[in-house]
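Notes follow once the structure below has been shown.
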There are 2 protein chains.
Amino acid sequence: MTSGAGDEPDLGNGRLHETAAARLAALDQRYTHSRRVLVETMQEAARPLTMAEIVRRTDRIPQSSAYRNLTVLCAAGIATRLPGADDQGRFELAEDLAGHHHHLVCVSCGAVADLVAAARLERALREAARQAADSGFEVTGHRLDFDGRCGECRDAG
Amino acid sequence: MTSGAGDEPDLGNGRLHETAAARLAALDQRYTHSRRVLVETMQEAARPLTMAEIVRRTDRIPQSSAYRNLTVLCAAGIATRLPGADDQGRFELAEDLAGHHHHLVCVSCGAVADLVAAARLERALREAARQAADSGFEVTGHRLDFDGRCGECRDAG
DNA sequence: CTACTTGCAAATGCTTTGCAGGAGA
DNA sequence: TCTCCTGCAAAGCATTTGCAAGTAG
């Protein structure tokens with residue numbers, strides 16, 4: 001691990017790309033144009049994207065390459081693959097790059113939005129993790145989704 | 001194990017099957033032997049099972065039927081399908097039948113265990129849900145997974 | 001020049017579906 | 001008897017991989 005210190009996820013600029021390049025380099029991988037485009041796409045979306053959305057937004061990157069590159073990005077700790085409510089995987093920037101957050105999942109249309117949790121909730125989560133450790137399970141992180149209906153679907157019916 | 005009149009999911013016995021039968025009947029579906037076996041399998045497991053595990057445990061129920069029946073059980077609100085960490089769906093009894101709980105997911109071997117959260121955590125979650133409502137999103141439930149390494153994998157690796 | 005990358009197409013693996021026979025109410 | 005259920009086999013999709021050519025260092 002090269003960089004140490006603070007895990008501030010505030011990198012609106014080239015910092016993100018620097019980090020990405022470094023992490024890829026650690027795996028003898030290059031930060032190619034395609035990969036940069038994928039990272040930028042995920043950053044701009046600010047919410048998990050399905051493969052279909054990614055291919056549509058980037059245009060030019062064939063699906064197989066997108067899959068392959070996203071797999072590499074996940075391995076490098078730059079991206080994360082989430083299991084979708086349906087059976088479509090969703091991708092987003094890794095937690096330490098995008099900031100820790102949770103998701104609002106619309107059970108009606110499948111849309112996913114980001115949500116930053118209150119400090120109190122995070123504290124309670126940490127406490128629960130400690131509790132789980134008592135059973136021999138070492139908790140390294142958590143994933144929290146709120147299910148419900150988004151504004152649009154509520155209006156629609 | 002009182003028989004309180006709350007939302008306590010305390011149905012260790014035939015109550016479960018009664019409920020299942022009723023919910024299926026509401027959809028003009030029957031509570032057949034296969035479906036009963038599936039329900040019992042899920043109850044006994046007390047943790048989400050993959051399709052492979054279900055087929056192995058039941059033995060006799062062909063995979064296609066298992067899929068078909070589990071789909072029906074999900075539609076009837078008797079079972080729930082969870083998106084697995086890998087790409088294998090996992091099934092478990094619906095929340096109101098098995099009780100509200102969360103999951104410990106081993107990132108190493110993919111095993112999933114149930115975990116009942118502390119009251120404080122649930123309270124914090126409810127509060128966060130209320131907060132989300134401010135943005136027009138109606139929260140109906142939540143899903144919380146803790147990622148980490150199970151005891152076995154910690155020993156092994 | 002030597003890896004790592006890319007794109008296409010074919011393959012894989014989980015899941016769904018068509019169909020004909022069987023069973024429950 | 002009518003409708004739902006079961007099993008098998010074939011079909012569907014999202015995702016992965018083999019291979020030959022392209023490109024970064």
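Order of the sequence lines sets the chain letters (A, B, ...), proteins ahead of strands, with each chain counted from 1.
- Residue pairs meeting the side-chain hydrogen bond (donor to acceptor under 3.5 Å, both in side chains) criterion with at least one partner in residues 147-157 of chain B, sequence neighbours excluded, are A:R143-B:D147.
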**Asked** In dot-bracket form, how is DNA chain D paired, counting a Watson-Crick or G-U wobble pair only if both its distances are under 3.5 Å and using | for bases paired to another strand?
**Response** |||||||||||||||||||||||||

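- OP1 or OP2 of D:dC5 sits under 4.0 Å from a side-chain N or O of B:Q29.
- Residues passing the side-chain hydrogen bond (donor to acceptor under 3.5 Å, both in side chains) test with A:E40, sequence neighbours excluded: A:H17.
- Residue B:N69 has no polar side-chain atom (N or O) positioned under 4.0 Å from OP1 or OP2 of D:dC5.
- Among C:dT16, D:dT6, C:dT6, the nucleotide with an atom closest to any side-chain atom of A:S34 is C:dT6.
- The interatomic distance linking A:L27 (CG) with C:dT5 (C1') rounds to 15 Å, in whole Å.
- With sequence neighbours left out, B:R68 forms a side chain to side chain contact (heavy atoms under 4.5 Å, CB included) with no residue at all.
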**Message:** Strictly under 4.0 angstrom, non-hydrogen atoms only: write out the protein contact profile of nucleotides 18-25 of chain C, one letter per nucleotide from the 5' end, B, S or -.
**Reply:** BB----B-

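- Atom CG of B:L70 and atom P of C:dC14 are 16 Å apart (whole Å).
- A side-chain contact (heavy atoms from CB on, under 4.5 Å) with A:L97 is found for exactly one of A:R23, A:Q43, A:M42, namely A:R23.
- The shortest distance between the side-chain N/O atoms of A:R81 and the OP1/OP2 oxygens of D:dT16 is below 4.0 Å.
- With rounding to the nearest 0.5 Å, the separation of CD in B:E92 from OG1 in B:T41 is 14.5 Å.
- Rounded to an integer number of Å, the gap from OH of A:Y31 to P of C:dT6 is 12 Å.
- Note: CZ (A:R36) to C1' (C:dT6) measures 18 Å, nearest angstrom.
- With rounding to whole Å, B:I61 atom CD1 is found 8 Å from D:dT6 atom P.
- Put simply, CZ on B:R35 and CG on B:N69 are 4.5 Å apart, with the number rounded to the nearest 0.5 Å.
- The CZ atom of A:F146 sits 9.0 Å away from atom CG of B:L144, with the distance rounded to the nearest 0.5 Å.
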All N/O donor-acceptor pairs, side-chain side in residues 119-133 of chain B, below 3.5 Å, sequence neighbours left out:
| residue | atom | partner | partner atom | Å |
| --- | --- | --- | --- | --- |
| B:E122 | OE1 | B:H100 | NE2 | 3.1 |
| B:E122 | OE1 | B:H142 | NE2 | 3.2 |
| B:E122 | OE2 | B:H100 | NE2 | 3.1 |
| B:E122 | OE2 | B:H102 | NE2 | 2.7 |

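- Rounded to whole angstrom, the span from the CG atom of B:D28 across to the C1' atom of D:dC4 amounts to 9 Å.
- Summarising the geometry, atom CZ belonging to A:F91 is positioned 9.0 Å from atom CG belonging to A:L82; distances are rounded to the nearest 0.5 Å.
- One atom, CG of A:L24, and another, C1' of D:dA24, lie 14 Å apart when rounded to the nearest Å.
- With rounding to whole Å, A:Q63 atom CD is found 10 Å from D:dC13 atom C1'.
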